[in-house]
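Chain A is the first sequence line, chain B the second, and so forth, proteins listed ahead of strands; every chain is numbered from 1.
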Amino acid sequence: MKDREILDRISKGDERALDYLYKKYYKMMTNIVLKNNGTEDEAKDVYQEALVAFWQKAASGKLVLTSKISTFLYSICLNQWRKELDRKSRLSGEEVDGQEFQTHDEEERYKIVMQCIGELGDTCKRILTYYYFDGLNMTDIAERMNFANTDTAKTKKYKCKKKLDSLIKERYSTTDFFD
Amino acid sequence: MNPTPQQHQIDAYLRGELNSSELRNFESLMEKDHSFAEQVKFEEKIQQGLAEVRKAELKARLDAVEVSTGWVGGLGQLTSSTLVKTLGGVITASVVGVLVYNNLDFDTVEGSLDSGKPVSEISHPQLTEPIEEIVIPLEDTPEPVTSLENTTAEESRKSKTEVVPAASIKGMSGAKTTKIEETKDFVPQVTVPTPGDLAKEEGLTTPDSEVPEITSSDEINTGEATPVDVETIHRKNESLKYKYFDGKLFLYGDFNDNPYEILEINGVSDRRLFLFYEKAFYSIQITDKVQDLSPISNEKLIGELEIIRNNKL
């Protein structure tokens, strides 16, 4: 499969193209980490993170690829692993505490939203994640979800978001979210 | 009913779609209006959470893809490398050269070549036989050098010994036959929503809709449990592992010899899963990371699970 075809499939939301990329470059990308003091798990994490970032950009149509996909992925993996190594080397006692506090805080927020999203149905979940993560516009969402038209997608997205907001606010005051 | 202009603006801001002047106005408004700034932060957190959910979903999908980490698997990644292209080109050129050398009568063809016509188009009756001898091997050889490179690379990938769940992408548009074969071995698990799934909207209907009323809605899960979707990924000589995310349970290990059992206990607000395999019970927690399966050691719990299991049987 050529790069152009892969991008085309991703822009259509075909997640099998992601599987294909994952398998194709797994060894090449994970070696970046494995040959630089990383473990297999770290290597996999870095590669998956890079691939998901690539998916997000490609799915939203915001990606202007000036190199091969493998080169692009390689540079993301390399940068991410450099950052991770840098973070590890900078970890001192105080910074660890700060980091843990932030991580804990983030985890709490993540749990809150996760719980509420979990209570939404599959359709709402998909609309909201397509819109907010994949960066799809309403026309694309309508097409992908087999809605009658763009207005239907807009209405559903609005209702789903409103429902999610209210679910979160029912259980937690908004101040829980602020630092 | 439609999002307010302010909400629309927040969305555009968080999606990075504001132009420079709109961005300046937006940021100055945030500085002046504290409640507006808080609303933006609130939206940001929710959107971050949604992003995390989607990321976890995509990563869970990738985790289920079996990859080969041996040297054979690496061959598949060389499909576009210069080395393979060069080797493919050299080998092909050698084969063609040898065949031409062995079969072509240079004295006979010489005159035609001078005329500037391609060899395949020579129509002189005296040249028919020698040319057929040349053309047949050429047809068996995969076209020009660029195509040969791809063919060589594809064949090297076919030599991999990975075990991947059967899959097909035949339905995908625009793919040539040879490419369909090439991509058969990854798992198609896209769950495309069906129109029937979208026909339940009652939970979200609001009276002030400006667009034609939707008679159905996305329903909120209220407790009726759906069966757990279980997928086993065969891995020999490894400890038992699992991942349970978004209602789907992945089991990694060698489950071919003995059957496993899933015990599902549905409470009012939660669902607990246990695995019974080779005389041991294992607890399953929601996780999007692959975790080791550790046998339960709590005797009381084991006793209760045994009762449930026996009742089930």
Side-chain angles (χ1 to χ4, degrees), chain A residues 1 5 8-9 13-16 18-20 22-28 30 40 48-49 51-52 55 68 70 109-110 112-114 117-129 132-135 144-147 151-152 154-156 158-165 168 174 177-178, chain B residues 1-3 14-15 38 41-42 45-55 57-59 61-63 65 67-69 73-74 76-77 79-80 167 169 172 174-175 179 182-183 185-190 192-195 197-198 200-201 203-206 209 211-212 214 217-221:
Chain A
M1 216 187 323
E5 192 184 343
D8 191 40
R9 288 185 181 186
D14 187 345
E15 293 176 8
R16 288 172 295 186
L18 195 68
D19 300 346
Y20 173 80
Y22 187 64
K23 283 187 72 169
K24 187 173 183 186
Y25 298 120
Y26 186 87
K27 190 171 168 59
M28 185 195 290
T30 52
E40 185 76 42
Q48 288 191 354
E49 197 69 40
L51 209 50
V52 168
W55 168 272
K68 289 196 291 186
S70 57
R109 290 195 288 255
Y110 176 76
I112 291 164
V113 177
M114 280 285 284
I117 292 171
E119 290 178 31
L120 295 175
D122 190 52
T123 308
C124 269
K125 218 186 287 184
R126 285 184 179 280
I127 292 171
L128 293 178
T129 53
Y132 289 111
F133 181 79
D134 293 39
R144 201 176 291 186
M145 306 277 298
N146 291 328
F147 291 150
D151 281 342
T152 311
K154 278 182 188 171
T155 308
K156 278 182 176 284
Y158 174 75
K159 288 176 178 177
C160 291
K161 180 62 172 46
K162 199 174 168 187
K163 188 73 196 172
L164 179 61
D165 286 354
I168 295 169
T174 55
F177 282 87
F178 304 135
Chain B
M1 175 62 220
N2 283 332
L14 294 174
R15 281 161 65 101
E38 284 194 340
K41 271 189 180 180
F42 179 73
K45 299 302 177 201
I46 292 176
Q47 292 186 22
Q48 282 171 357
L50 282 166
E52 289 303 316
V53 169
R54 177 68 169 143
K55 274 187 190 178
E57 187 182 285
L58 289 172
K59 284 182 180 179
R61 180 188 178 88
L62 293 177
D63 269 337
V65 175
V67 286
S68 167
T69 53
Q77 298 174 26
T79 50
S80 60
I169 57 163
M172 296 170 80
K179 290 175 183 172
E182 179 192 338
T183 52
D185 47 350
F186 60 87
V187 188
Q189 289 182 329
V190 177
V192 181
T194 58
D197 290 341
L198 310 176
K200 297 169 186 173
E201 185 75 33
L204 299 179
T205 306
T206 52
S209 174
V211 295
I214 298 161
S217 151
D218 203 15
E219 65 184 12
I220 307 298
N221 295 338

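Screening Lys23(A), Gln48(A), Glu15(A) against Leu62(B) for a side-chain contact (heavy atoms from CB on, under 4.5 Å) leaves a single residue, Gln48(A). Put simply, the residue from Lys59(B), Arg54(B), Glu57(B) that forms a side-chain contact (heavy atoms from CB on, under 4.5 Å) with Val52(A) is Lys59(B).
Here Leu18(A) contributes atom CG and Arg61(B) contributes atom CZ; the two are 7.0 Å apart, rounded to the nearest 0.5 Å. Atoms CD1 and CG, from Ile46(B) and Leu164(A) in turn, are 5.5 Å apart once rounded to the nearest 0.5 Å. Separation of atoms CD (Gln47(B)) and CZ (Phe133(A)) is listed at 12.5 Å; rounding is to 0.5 Å. Rounding to the nearest 0.5 Å gives a distance of 6.5 Å between CH2 of Trp55(A) and CG of Leu58(B).
Interface residue Asp134(A): only side-chain heavy atoms are found under 4.5 Å from chain B. With a 4.5 angstrom heavy-atom cutoff, Leu51(A) touches chain B only via side-chain atoms.
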For Phe42(B) and Asp165(A): C-alpha separation, side-chain torsions, deciding distance, then whether side chain to side chain contact (heavy atoms under 4.5 Å, CB included) applies. CA-CA 9 Å; Phe42(B) 179 73; Asp165(A) 286 354; 4.2 Å; yes

